[in-house]
Amino acid sequence: MCRVDEMLSKKKKAFAALVTIGIFLIFFQMLFFDRPLLKIYGQVKPSETLDPNSPYYGNIYQDRYGQPVRNASIYTNETYYTDWKQHFPEIILSMEKYKLQNPTHNPKAFTKSTSTVSLENSKANFKVGDTLVAHIQAKDGFNQDKTFGGDYFRARLICRSPNGTVTDGIACKIEDHLNGSYTLRVPLLMAGTFTLEVKLVIPVEGIDWFMNFTSMHNNKGLIYTATLQTKEEVECNIDLNTYKGYEDKLMCDYGNPRDGEPWFCLLPPSGKCSPITYLVCRESHRQRFPKVSDGIVQIEGSGRQITVSKETFNYDAAKMPAPSVYLHQGYWMKTLNSKLVTFREDFRKCLENTNVYMFGDSTMRQFFLELARIFSLAISGPDSTHVWQQPKIAQSKDTSSNISFYYRGHGPPFRNPGPPSSRPYITDSIDNIKVESGRQVYVIFTIGLHPLFYEPSLYIRRLSVIKKVIIRHHKLFPNTIFVVKGMNVVEWNEEWLILRYEVLLRDAFKNMPNVFYLNLWDMTVVAPLYQNYHPIQEVLAPQVLLLLDLMCKA
């Protein structure tokens with residue numbers, strides 16, 4: 001009996017020793033690595049945070065946001081640059097000709113509003129089902145025909161009500177022939193009298209300036225200031241180590257510790273790379289933009305009216321390339337089947353027992369709030385008064401539909417102020433998704449407006465990392481549906497920069513299984529946003545309905 005008691009006593013002592021060692025290890029980990037092993041969801045093994053098959057993969061890194069991943073040093077150029085110009089061969093070819101023909105950059109030789117547009121057959125009797133063809137000839141300030149392309153023209157065929165509201169409209173496609181001439185095409189899907197509106201958004205010479213502005217070793221897109229735990233303030237940026245005058249400065253590396261997404265800050269006077277507690281954007285790019293064009297102007301011949309007579313026909317979208325949507329009598333229609341873009345009750349049925357994760361900027365947050373309104377969901381989450389990108393959840397008020405929407409911002413650069421935790425990287429957010437049995441998962445994301453004024457290679461790198469994470473996620477959960485939300489037309493001189501990222505974003509995720517692209521460009525060619533990134537309700541509502549239609553058909 002005494003031997004048994006003695007054995008039990010030894011076991012208790014051994015167990016107590018193991019517990020003591022365990023507590024010490026946890027304390028050691030938290031003290032020296034600032035990576036707690038005890039999470040709110042229970043105990044997590046260190047290996048689980050590194051194993052892609054673990055539901056906790058990536059969680060540990062969100063605790064590291066704002067922490068230095070490398071000590072102060074002089075960091076040379078990172079090798080993450082990709083040539084974005086391969087997506088725009090017509091721009092590059094035209095740029096070479098422009099620099100040869102106008103080496104002094106004489107503004108008088110830039111493309112002007114004297115450029116002309118003319119119908120291929122001005123006497124034709126147009127019928128529904130025909131294709132309208134027009135030709136644009138770029139002209140310079142001397143009223144001479146340009147001999148190279150690259151200009152950014154935008155065109156739409158519209159009908160206005162007596163009060164000036166656009167009630168009908170469709171975006172036109174423009175082909176650049178690289179010799180100063182362009183061909184415009186648009187399918188005629190509606191009967192009535194329409195106006196062909198063609199605008200010169202920016203000449204190729206202005207595009208050249210924007211390309212230089214957003215190139216490496218040149219002007220900064222935006223300037224960020226971080227407040228450190230030491231109360232010191234330092235300048236930060238995604239590619240700070242590449243700027244002229246910064247090459248030999250000591251910097252702290254605050255990048256994503258897992259995938260290497262760059263983020264650098266200058267070494268503070270204390271000489272210590274302490275954690276970032278808050279980040280603000282102090283200066284805008286717009287303060288340094290010169291006048292690079294005459295603004296967005298209609299060209300000569302724009303405003304020409306045509307009449308289209310009604311005729312029954314079978315429209316084949318595959319044989320007649322056309323925009324994704326068009327506006328008819330105040331309602332948006334899908335070009336593929338001429339069906340009305342509207343709310344359907346089967347959307348509610350389609351989203352029963354689903355989790356929808358939405359990652360991105362303020363335009364994605366608009367989508368989140370509109371979806372919560374449509375489905376009468378209850379919104380909860382931290383206060384967003386001062387940090388609007390705080391995480392939000394919208395859920396059913398009862399168990400009848402069991403729908404959940406989640407919103408998170410995206411990683412830096414992110415102009416809105418807030419702590420590092422308020423700007424998680426999309427890659428980490430995707431890795432943190434735990435797919436529950438019996439529930440369909442959708443992931444909607446967008447990125448582009450906040451890094452708009454940076455060298456586009458950084459943007460391509462961000463997209464390629466997201467693509468790798470999607471592939472990795474699909475290996476574990478192949479039924480997850482991803483939707484990439486496209487960009488909007490914003491009518492201002494910098495619009496071409498948005499177009500550039502729209503093309504890069506669209507191309508990055510082509511031909512991926514269970515990854516779909518939500519094209520909003522065609523809609524906003526007809527109804528462009530004016531001097532504001534955020535769509536008004538009349539544009540936002542049909543865009544969200546297009547998203548629902550895409551999700552429920554995927």
Side-chain angles (χ1 to χ4, degrees), residues 61 64-82 84 210-289 409-425 427 447-465 497 501:
Y61 292 97
R64 299 286 297 170
Y65 288 161
Q67 303 285 339
V69 296
R70 287 189 289 178
N71 292 325
S73 181
I74 295 175
Y75 297 115
T76 57
N77 260 350
E78 305 289 345
T79 57
Y80 46 69
Y81 307 130
T82 304
W84 64 271
F210 280 118
M211 287 172 58
N212 291 328
F213 178 85
T214 56
S215 66
M216 285 294 175
H217 307 291
N218 210 315
N219 292 293
K220 289 168 277 192
L222 298 161
I223 296 177
Y224 289 84
T225 301
T227 301
L228 305 180
Q229 205 171 65
T230 57
K231 307 301 181 184
E232 297 169 289
E233 290 189 348
V234 291
E235 183 181 350
C236 304
N237 227 310
I238 189 171
D239 53 349
L240 191 64
N241 61 324
T242 68
Y243 298 149
K244 289 180 180 179
Y246 287 72
E247 301 94 337
D248 298 326
K249 292 190 177 182
L250 290 171
M251 296 191 185
C252 302
D253 182 0
Y254 291 93
N256 188 322
R258 178 165 46 141
D259 56 31
E261 286 289 343
W263 189 258
F264 296 99
C265 296
L266 292 177
L267 182 68
S270 67
K272 181 182 179 182
C273 296
S274 60
I276 296 173
T277 59
Y278 209 78
L279 198 65
V280 296
C281 182
R282 294 292 190 191
E283 183 178 332
S284 171
H285 58 280
R286 285 176 165 269
Q287 297 173 7
R288 299 190 297 275
F289 273 6
H410 66 66
F414 200 86
R415 298 179 204 174
N416 302 79
S421 60
S422 69
R423 39 173 65 84
Y425 289 89
T427 51
I447 185 171
L449 292 176
H450 288 261
L452 191 66
F453 301 96
Y454 290 89
E455 212 283 335
S457 294
L458 294 162
Y459 183 60
I460 293 174
R461 185 191 191 282
R462 180 68 58 90
L463 298 181
S464 66
V465 173
L497 292 175
Y501 274 17

Checklist entry - Does the side chain to side chain contact (heavy atoms under 4.5 Å, CB included) test come out yes or no for Trp84 and Met211, once each step is laid out? => result CA-CA 11 Å; Trp84 64 271; Met211 287 172 58; 3.9 Å; yes
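Between the side chain of Tyr501 and the main chain of Pro451, a donor-acceptor pair closer than 3.5 Å is present. With hydrogens and angles disregarded, a donor-acceptor distance shorter than 3.5 Å links the side chain of Tyr224 to the backbone of Phe414. For Glu261 (side chain) and Tyr425 (main-chain N/O), no donor-acceptor pair under 3.5 Å exists by modelled atom type. Side chain of Thr227 to backbone of Thr277: no donor-acceptor contact under 3.5 angstrom is found.
Once rounded to the nearest 0.5 Å, the distance linking OG1 of Thr214 with OH of Tyr454 reads 12.0 Å. Atom-to-atom distance recorded for Ser274:OG and Gln67:CD is 9.0 Å, nearest 0.5 angstrom. Rounding to the nearest 0.5 Å places CD1 of Ile238 at 7.0 Å from CH2 of Trp263. Residue Leu267 holds its CG atom at 12.0 Å from NZ of Lys272, rounded to the nearest 0.5 Å. Distance CZ/Arg462 to CG/Asn256: 8.5 Å, rounded to 0.5 Å. Separation of atoms CG (Leu452) and CD1 (Ile447) is listed at 11.5 Å; rounding is to 0.5 Å.
Checked against the 2.5 Å cut-off, the SG-SG distance between Cys265 and Cys236 falls under it.
Scanning for ring pair (Phe, Tyr, Trp, His ring centres under 6.0 Å) contacts around Tyr254 gives an empty result, with sequence neighbours left out.
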